[in-house]
Engineer: 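Okay, handing you the structure first.
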Amino acid sequence: MSSPVVTRFAPSPTGFLHIGGARTALFNWAYARRHGGRMLLRIEDTDRQRSTEPAISAILDGLLWLGLDWDGAPLSQFARAARHREIAEELLRRGRAYRCYCTAAELEAMRERAAAAGLPQRYDGRWRDRPESDAPTGVAPAIRFKAPSEGETIIEDQVLGRVVFHNRELDDLIILRSDGTPTYNLAVVVDDHDMGVTHIIRGVDHLTNAARQSQIYEALDWPVPVMAHLPLIHGPDGAKLSKRHGALGVDAYRDMGYLPAAMRNYLARLGWSHGDDEIFSTEQLVEWFDLEHVGKSPARFDFAKLENLNGHYMRATADDALLAAFVAFLSHAPGGAAMLARLDDDARARLRLALPGLKERAKTLVELKDQAGFLVAERPLPLDDKARAILDGDGREVLTALLPVLEQTAWTAPALEAAVKSFAEARGFKLGKLAQPLRAALTGSSTSPGIFDVLVALGREESLSRLRDQAA
RNA sequence: GCGCCCUUCGUCUAGAGGUCCAGGACGCGGCCCUUUCACGGCUGAAACACGGGUUCGAUUCCCGUAGGGCGCACCA
């Protein structure tokens, strides 16, 4: 095989694709692409209670929106339960697993006793060496892995380095539930092996699992994949990411008006670096990505930086592409439908004209939407407080005087600018004194893009009639 | 509680024993540009958690301490 690297992203479909998962997927994706390998997708849906169909599509949609694709069809872990059971039996045959007849209540009591005594809460191995003849009747057994009780299990982690676990710290975990369904650690090992996964890149929350899984690989005489555990993403306060921070689905970021390219760039930079490079394309990411430069410490999610980066991408995106992205954004963004409904071909053409000026100051698509509102707003134009104050001042007077000048001017930005400038000079005004009421009357807002671009974008008739409305 | 992991400006990070009185980016302050807001340019404040070692020399290696995180389910 010429492309030996196989990575996988293995979310459990119990909710949306959150930001940490998105980054894990990105790293797996980048690593696979970097090495000309494949990234597989596996849905860890063995928990039938919590796994849902909507969650699966939310995750797939999230990946697609982010621009991350995978190789082959997504694999359902649940569908492979028979194979997992088969391997559990194999472990039993090899003497590396045993049946445990403990009841839930018994295990609970065991944990409570350990906690009360200040001891580690582990299974005490009471069925480990007990003969089957002791089996109580009427109790369906679970199958436990017979973990080595001495020595150490070592993970040569590509991010963390060598991590040593003392085997006495790791108890005999259940690999097959009493109802015959596999448990996470068994399923993961079997699937990763069967799928030919060579590199496991996931969050550090799986580090302990890595040790247990490594033991299972060894018991099966299977090669252990290369492992890399990524530090988690924290909230701005350093604590766990909560809903009010960034623990949102990627769809929430989409609705906040962030561009996928900016998200990719930001996420890649969170915990990974390539020297001092801050802004880089996805192609560069693929070219540069490595595990050596993934940091070991958790990173805090910083919206301010994401926003700044998004601004860069807004400006860097070609007008037509940005327009397309914006229209797509409107179709699902809160309040976007109303604007979309008013965005006929005519309005779209104006928007396209105004875009170069608009995108300079919009850091997100949401801001773009707000700032482009005047292009499709119904008349009479709603005015914000500041715009109203300007017009209620001497704004109307200025407009009235300026109107005839505009009516006689060629309708291009430079011509309009020249005309307004010479008018200002003749009157002894500062340009701002003219620009402010113009802007207020045309956009209903005191903060907006270049006023001459606005005039052009709106078109001669629309502009003049709006100005007449407000001057009257 | 037990185990494991982490620790450079407020934040993301560069740094792989001398090149570091620690560099970049975001954010923040100032100045410039400017009709507003942005953009851009210049500039300022801002960090090697603490304590021991090792070494001629530690941000960089080792050991503690403190702080933080993750894990400890018949969840994944």
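Hydrogens, waters and symmetry mates are skipped; everything else that's a heavy atom, side chains included, is used. Each chain gets a letter, A, B and so on, in the order its sequence line appears, and its residues count up from 1.
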Engineer: Applying a 4.0 Å non-hydrogen cut-off, can you work out what A:Val164 is touching in the nucleic acid: base, sugar-phosphate, or nothing?
Structural biologist: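 Counting heavy atoms under 4.0 Å across all strands, the contact made by A:Val164 is with sugar-phosphate only.
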Engineer: What's the gap between B:G23 and B:U55 when it is taken at their C1' atoms, as a whole Å value?
Structural biologist: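 Going atom to atom, C1' in each nucleotide, I get 26 Å.
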Engineer: Rounding to a whole Å, what distance do you find between A:Glu152:CD and B:C4:P?
Structural biologist: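 After rounding, the reported distance stands at 11 Å.
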Engineer: Give me the ring orientation class for A:Phe27 and A:Phe289: parallel if the planes are under 30° apart, tilted from 30 to 60°, perpendicular past 60°.
Structural biologist: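 Tilted: the ring planes of A:Phe27 and A:Phe289 meet at 30° to 60°.
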Engineer: Return the value, rounded to whole Å, for the distance between atom CG of A:Leu270 and atom P of B:G24.
Structural biologist: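 Spelled out: CG on A:Leu270 to P on B:G24 is 21 Å.
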Engineer: Indicate the ring-plane relationship of A:Phe301 and A:Phe303, choosing parallel, tilted or perpendicular according to the 30° and 60° boundaries.
Structural biologist: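 The arrangement is perpendicular - the two ring planes meet at more than 60°.
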Engineer: What does A:Gly295 touch in the nucleic acid at a heavy-atom separation under 4.0 angstrom: a base, only the sugar-phosphate, or nothing?
Structural biologist: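 Here A:Gly295 touches no strand at all.
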Engineer: Across the strands shown, which category fits A:Arg269 at heavy-atom distances under 4.0 angstrom: base, sugar-phosphate, nothing?
Structural biologist: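 Since a base atom lies under 4.0 Å of A:Arg269, the category is base.
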Engineer: Consider the side chain of A:His293, meaning its heavy atoms from C-beta on, and name the nucleotide among B:G15, B:C12, B:C2 that approaches it most closely.
Structural biologist: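 Of the options given, the side chain of A:His293 lies nearest B:G15.
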Engineer: Could you check A:Ala304 against A:Glu417 and say which one's nearest nucleotide on RNA chain B is further toward the 5' end?
Structural biologist: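 The 5'-side residue here is A:Ala304.
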Engineer: When both hydrogen-bonding distances must be under 3.5 Å and the geometry is Watson-Crick or G-U wobble, what is B:C56 paired with, if anything?
Structural biologist: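 Across all strands, the one nucleotide that pairs with B:C56 is B:G18.
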Engineer: Once you apply a heavy-atom cut-off of 4.0 Å, does A:Ser51 come out as touching a base, just sugar-phosphate, or nothing?
Structural biologist: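 If one applies the 4.0 Å heavy-atom cut-off, A:Ser51 turns out to touch nothing in the nucleic acid.
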Engineer: Atom CG of A:Asp192 and atom P of B:A76: how far apart are they, to the nearest Å?
Structural biologist: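 It is 15 Å, rounded to the nearest whole Å.
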Engineer: Give one of base, sugar-phosphate or nothing for A:Leu434, where a contact means two heavy atoms less than 4.0 Å apart.
Structural biologist: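 It contacts nothing in the nucleic acid.
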Engineer: Write down the partner of B:G64 under the Watson-Crick or G-U wobble criteria, each distance required to be under 3.5 Å.
Structural biologist: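 Result: B:C50.
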Engineer: Could a donor-acceptor pair under 3.5 angstrom be found where the side chain of A:Arg439 meets the base of B:U35?
Structural biologist: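 Looking at the base of B:U35, it does pair with a donor or acceptor on the side chain of A:Arg439 (distance under 3.5 Å).
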Engineer: Counting side-chain heavy atoms from CB outward, which of B:G10, B:A38, B:A76 is closest to A:Glu360?
Structural biologist: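 Looking only at heavy atoms from C-beta outward on A:Glu360, the closest nucleotide is B:A38.
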Engineer: Could a donor-acceptor pair under 3.5 angstrom be found where the side chain of A:Lys363 meets the base of B:A38?
Structural biologist: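 No pair found.
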Engineer: Nearest whole angstrom, please: distance from the P of B:A73 to the CD of A:Glu106.
Structural biologist: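 After rounding, the reported distance stands at 16 Å.
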Engineer: Give A:Cys100 one of three labels, base, sugar-phosphate or nothing, depending on what nucleic acid heavy atoms sit under 4.0 Å from its own.
Structural biologist: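 Result for A:Cys100 = nothing.
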Engineer: Hey, does A:His312 reach any base, or is it just sugar-phosphate, or nothing, if we go heavy atoms under 4.0 Å?
Structural biologist: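 The residue A:His312 makes sugar-phosphate contact but no base contact.
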Engineer: Using a 4.0 Å heavy-atom cut-off, does A:Ile174 contact any base of the nucleic acid, only the sugar-phosphate backbone, or nothing at all?
Structural biologist: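 Touches a base.
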Engineer: Could you tell me the Watson-Crick or G-U partner of B:C28, where both distances fall under 3.5 Å? Say none if there is no partner.
Structural biologist: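 With both distances under 3.5 Å, B:C28 matches B:G44.
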Engineer: Compare the minimum distances between each of B:C74, B:C4, B:A38 and the side chain of A:Phe165, then state the nucleotide with the smallest one.
Structural biologist: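 Selected nucleotide (nearest to the side chain): B:C4.
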Engineer: When you look at CD of A:Glu132, are more than 12 heavy atoms from neighbouring residues, nucleotides or ligands closer to it than 6.0 Å?
Structural biologist: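 Counting other residues, nucleotides and ligands, CD of A:Glu132 exceeds 12 neighbours.
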Engineer: Please tell me which of the listed nucleotides, B:A25, B:U7, B:C74, lies nearest to the side chain of A:Arg111?
Structural biologist: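 Selected nucleotide: B:C74.
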Engineer: Any protein N or O atoms within reach of nucleotides 67-71 of chain B? Criterion: under 3.5 Å, listing atom names and distances.
Structural biologist:
residue, atom, partner, partner atom, Å
B:G71, O2', A:Thr208, OG1, 3.4

Engineer: Are OP1 or OP2 of B:A76 and a side-chain N or O of A:Thr14 less than 4.0 angstrom apart?
Structural biologist: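 No.
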Engineer: Taking atom types as they are modelled, would you say the side chain of A:Lys296 forms a donor-acceptor pair with the base of B:C6 within the 3.5 Å cutoff?
Structural biologist: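 No such pair is found, so the answer is no.
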Engineer: Whom does B:C4 pair with, Watson-Crick or G-U wobble, provided both distances fall under 3.5 Å?
Structural biologist: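 With both distances under 3.5 Å, B:C4 matches B:G69.
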Engineer: Among B:U8, B:C4, B:G24, which nucleotide sits nearest the side chain of A:Ser297?
Structural biologist: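 Selected nucleotide: B:U8.
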Engineer: Whole-Å distance between B:C5 P and A:Leu230 CG?
Structural biologist: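 Atom-to-atom, A:Leu230 to B:C5, this comes out as 17 Å.
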Engineer: Using the C1' atom in both, what is the distance from B:G51 to B:A46, to the nearest Å?
Structural biologist: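 Their C1' atoms lie roughly 25 Å apart.
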Engineer: What is the distance, rounded to the nearest whole Å, between atom CG of A:Asp276 and atom P of B:U13?
Structural biologist: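 The answer, rounded to whole Å, is 13 Å.
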Engineer: Among B:A73, B:G27, B:U8, which is the nearest nucleotide to the side chain of A:Gln121?
Structural biologist: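 Out of B:A73, B:G27, B:U8, the nucleotide with an atom closest to A:Gln121's side chain is B:A73.
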Engineer: Is there, by distance only and without an angle test, a donor paired with an acceptor across the side chain of A:Thr183 and the base of B:C74 below 3.5 Å?
Structural biologist: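 Donor-acceptor pair under 3.5 Å: no.
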Engineer: With the threshold set at 4.0 Å, does a side-chain nitrogen-carboxylate oxygen contact exist between A:Asp171 and A:Arg212?
Structural biologist: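 Between A:Arg212 and A:Asp171 there is a salt bridge, with a charged N closer than 4.0 Å to a carboxylate O.
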Engineer: Can you check the A:Arg300 CZ to B:U7 P distance for me, whole Å?
Structural biologist: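 So the two atoms are 14 Å apart, to the nearest Å.
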Engineer: Using a heavy-atom cut-off of under 4.0 Å over every strand shown, decide if A:Arg315 touches base, sugar-phosphate, or nothing.
Structural biologist: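 Sugar-phosphate contact only.
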Engineer: Looking at the side chain of A:Ala299, which of B:G15, B:C12, B:U7 is the nearest nucleotide?
Structural biologist: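 Nearest to the side-chain atoms of A:Ala299, counting from C-beta on, is B:C12.
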Engineer: Could you give the distance separating B:G57 and B:G53 at their C1' atoms, to the nearest angstrom?
Structural biologist: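 One C1' to the other, the span is 14 Å.
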Engineer: With both distances under 3.5 angstrom, what nucleotide forms a Watson-Crick or G-U wobble pair with B:U34?
Structural biologist: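 Paired with B:U34, as far as the under-3.5 Å criterion goes, is no nucleotide at all.
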Engineer: When you compare B:A25 with B:U34, how far apart are their P atoms, in angstrom units rounded to a whole number?
Structural biologist: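 My reading of the P atoms in B:A25 and B:U34 gives 25 Å.
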Engineer: Counting heavy atoms from C-beta on, name the nucleotide in B:U35, B:C74, B:U11 closest to the side chain of A:Phe452.
Structural biologist: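 My answer, after comparing the listed nucleotides, is B:U35.
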Engineer: What's the CZ-P distance between A:Phe301 and B:C26, to the nearest Å?
Structural biologist: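 Interatomic distance, CZ of A:Phe301 to P of B:C26: 17 Å.
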Engineer: How far, in whole Å, is B:C21 from B:G41 if one measures between their C1' atoms?
Structural biologist: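 Taking atom C1' in both B:G41 and B:C21, they lie 28 Å apart.
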Engineer: Look at the aromatic rings of A:Trp272 and A:Phe280 and report parallel, tilted or perpendicular, splitting at 30° and 60°.
Structural biologist: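 Judged by the thresholds at 30° and 60°, the geometry between A:Trp272 and A:Phe280 is perpendicular.
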Engineer: Under 4.0 angstrom, heavy atoms only, what part of the nucleic acid is A:Gln436 near: base, sugar-phosphate, or nothing?
Structural biologist: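 No contact at all - A:Gln436 keeps every heavy atom at 4.0 Å or more from the nucleic acid.
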